[in-house]
Amino acid sequence: MRKILVTSALPYANGHIHLGHLVEYLQTDIWARAQRLRGNRCVYICADDTHGTAIMIRANQENRTPEALIADMSAAHQRDFAGMGIRFDYYGSTNSAETRLYCEEIWRALRKADLIREKNVSQLYDVKAGTFLADRFVRGTCPKCGRTDQYGDSCQCGATYSPTQLVNPVSTISGTTPEVRDAVHLFVELEKLHAFLDDWTQNNNHLQPEMANYLAGHFLNDALYDWDISRPAPYFGFEIPDSPGNYWYVWFDAPIGYIGSTLQWCNANGENVDDWWRNDSAEIHHYIGKDITYFHTLFWPAMLKTANFTLPKKVHIHGFLTVNGEKMSKSTGTFILASTYLKHLNPAFLRYYYASKMTGRVDDLDLSFADIVSRVNADLVGNLVNLASRTAKFAGPTGLSAAYPEDGGLFANAAAKADEIAEAYETNDFARVTRLVMQIGDTANKFVEDSAPWNLKKDPEKQQQLQDVCTIALNIYRQMVIYLSPILPELARATAELLDENADSWRLESVKTPLVGTKVNKFSHILERMDPVKIDAMIAESQAINEAEEKQKGLLAKWNDGPEALENEPLAEECSIDDFTKVDLRVARIVEARHVPEANKLLQLTLSLGGGHTRNVFAGIKSAYKPEDLIGRLVICVANLKPRQMKFGLSEGMVCAAGAGGTEIFLLEPDEGAKPGHRVH
RNA sequence: CGCGGGGUGGAGCAGCCCGGUAGCUCGCGAGGCUCAUAACCUCGAGGCCGCAGGUUCAAAUCCUGUCCCCGCAACCA
């Protein structure tokens, strides 16, 4: 029995899970379930990646703590994963004591190995926001081609540069012009481990050949750069113990979260973490996307090696998701959140479809809507479930035959594929699994066709034959479901129920022993057909969500309005339209304005409502306006306010103004064209 | 000359590593069956495997060149 610990890359706590993420988590989940089906011990660990500037800034904008933000996001992530049938043994967080513990341990090891050195780094600093700016938070004019509004590190023209070279840089956080500041950063001298990395990446199949090749030709053919793994405060993360004011860069602690989360799982389950992470007989497997290859195949093994942890047995790298042949797009509604998908469609559809296209190579995976419908309906409903659907009813009254009948080798042939299927699972070639299983289904459906149980049923002499045919068909169906159970756990559960079994007790070996003499429960639809209309609804909803989000983001980013005003003065209780119409607001012109000698805050205004109607109003706006600037202006006044006798005279209304008070008073003024006397509706 | 992947009947893919009559699913045409979620079964039409060279008795498969498409591009999660 192999002892396997498998991880998926940690989703960043700055966004929700979408169908692109799910390529990875489903691939890992299927692989982990397949390992268990084969009788191996397999623990699936994941966690939220919670640190970094992006989280800090977002929390700030949403006016809450990073901890509150990541807690909400973790709950949402776990809800989405559970909905998709992804079963982790443990789901942790990098913002944990356990992860910090291992960061410190690995850090000490790096120090001890003399791999850390300090260097000065010039970076753009946002004075107003009080933070250094990562490249993605700076926009400006490209120093090469002169295009405006380009990112801090690269331009549409293809040029790459340092943010400090950007012309007219602007911080996207505060909208201010950042300045260049120096800070000390800590670097890992990766080059010192070059020989080790050459060996680890190129030998013993730790990587798919194309990725080993990629690293050899792209990074390892030259001296490796020092890796900048610290960020100066303020930063949401772990402060470096021997370098106060500096924090570990999020990519330092993210993979360490694999170990930290394992420790949490161990503590909760009476396991010893060193049995997994310091044990050469345990296998560590990572699943990642090709975009983070560098971190997981160079930095990460280097850190593990230095701190004497188990090195990964394999890093499984996959490509990206495209939808209908193109990159996911918010505007066309193909950027689909897991939660949106689950509102409309059965997770089994996506699990099966992805599986049917996963080959274990780094290729991108295309989700085609037309394709998923035909694939799911043809394979799952028409081929697989149909086999049970067309025979379970006949077998219901009698149950399965007491002895497994002669079937011309059908069962044996299906059982004989076990090794091939196990191997296909091992290499992530789930597409091969589905093809092999559907072949079994093809022959089985043909068998049912040829045996015509519906005719046997009519002949009282042939009831045994009928039972035998159904016994065969249901056994083949059962074999197929066992083979597919890592991909379709819920279907496996429902099938086990039909056959009066427990899916959890199924092992791959179970396909070799026919099920006989047991009862067959009442068949009800195990899986509905996939309805294209629901896909359309899902796309429409995604589009709506994304539009609303974009719009809000656009508005907020453009104006950068803070929450202070609302906080200082929360919204009033709801009122009716009648309540509102009781207040008669009118446009008025200030025809006279003067100081009131004894008053600190008041100006005395004479308002004209047109046609010779005037009002005397005392307004508390002295701190913000001079009388001479007011004369002639149009304002809004409350015209039916009960007059109030003041020390200085009778006040016959109010002028409307917004603001916190003091110099922050802003009179309301109607747009061009309004006339004194117009009512405000 | 940045890196990686891909170009196979209308669509989506397998085959390529280890050369030997081009395969699967959908779609399309004809027929059958009627147990099943308009499902299933049979037969058929449709491809000179991006293009051009080369190696070989033989190339989708190996080599070279070329065109097109997609993704990624360390310090950015």
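FYI, side chains are in, hydrogens and waters are out, and symmetry mates aren't considered; it's all heavy atoms of this structure. To find a chain, count down the sequence lines: A is the first, B the second, and so on, and within it residues start at 1. Quick caveat, the model's predicted, so the values are computed rather than measured.
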On a whole-Å scale, what distance lies between the P atoms belonging to B:rC63 and B:rC16?
14 Å
Quantified in whole Å, what is the C1' atom distance between nucleotide B:rC1 and nucleotide B:rG65?
15 Å
Measure the shortest side-chain to side-chain distance between A:Thr99 and A:Phe238 over non-hydrogen atoms and say whether it is less than 4.5 angstrom.
yes
Can you tell me the distance, in whole Å, between the NZ atom of A:Lys462 and the P atom of B:rC35?
16 Å
Separation of B:rC24 C1' from A:Ile440 CD1 (nearest whole Å):
15 Å
Please find the pair of heavy atoms, one from A:Cys46 and one from A:Pro11, that lie closest to each other, and give the distance.
SG-CD, 4.0 Å
B:rC35, OP1 or OP2 - any side-chain N/O from A:Lys393 closer than 4.0 Å?
no
Among residues 362-372 of chain A, which residues get a heavy atom nearer than 4.0 Å to RNA chain B?
A:Asp363, A:Asp364, A:Asp366, A:Asp371
Distance between the P atoms of B:rA58 and B:rU42, in whole angstroms?
38 Å
B:rG5 to B:rC48 separation - C1' atoms, rounded to the nearest Å
26 Å
Taking for each residue the nucleotide of RNA chain B bearing the nearest heavy atom, is the 5' side occupied by A:Thr322 or by A:Arg529?
A:Arg529
C1' gap between B:rG9 and B:rG4, integer Å
29 Å
How far, in whole Å, is B:rA11 from B:rG47 if one measures between their P atoms?
13 Å
Among B:rG71, B:rC13, B:rA14, the one nearest any side-chain atom of A:Lys357 is B:rC13
Using a strict 4.0 Å threshold on nitrogen-to-oxygen distance, state whether A:Lys534 and A:Glu528 make a salt bridge.
no
A:Lys290 side-chain N/O to B:rC3 phosphate OP1/OP2 under 4.0 Å
no
With a 4.0 Å cutoff (strictly under), does any side-chain N or O of A:Arg361 reach OP1 or OP2 of B:rA14?
yes
From B:rU25, B:rC40, B:rC75, pick the nucleotide closest to the side chain of A:Tyr249?
B:rC75
Considering only side-chain heavy atoms of A:Arg231, which listed nucleotide, B:rU37, B:rU25, B:rC75, is closest?
B:rC75
Side chain of A:Phe320: nearest nucleotide among B:rU37, B:rC72, B:rC40?
B:rC72
Between the side-chain atoms of A:Glu449 and the base atoms of B:rG32, is any donor-acceptor pair under 3.5 Å?
yes
Work out how far the C1' atom of B:rC70 is from that of B:rA30, and round it to whole angstrom.
40 Å
RNA chain B: 5'-proximal contact among A:Asp450 and A:Tyr235 (nearest heavy atom)
A:Asp450
Between B:rC13 (C1') and A:Arg375 (CZ): distance, integer Å:
7 Å
Of the listed B:rC41, B:rC72, B:rC40, the closest approach to the A:Lys446 side chain comes from B:rC41
Winner on side-chain proximity to A:Trp454, out of B:rC13, B:rA14, B:rC35, is B:rC35
Once you apply the 3.5 Å cut-off to both distances, tell me the Watson-Crick or G-U wobble partner of B:rG31, or none.
B:rC41
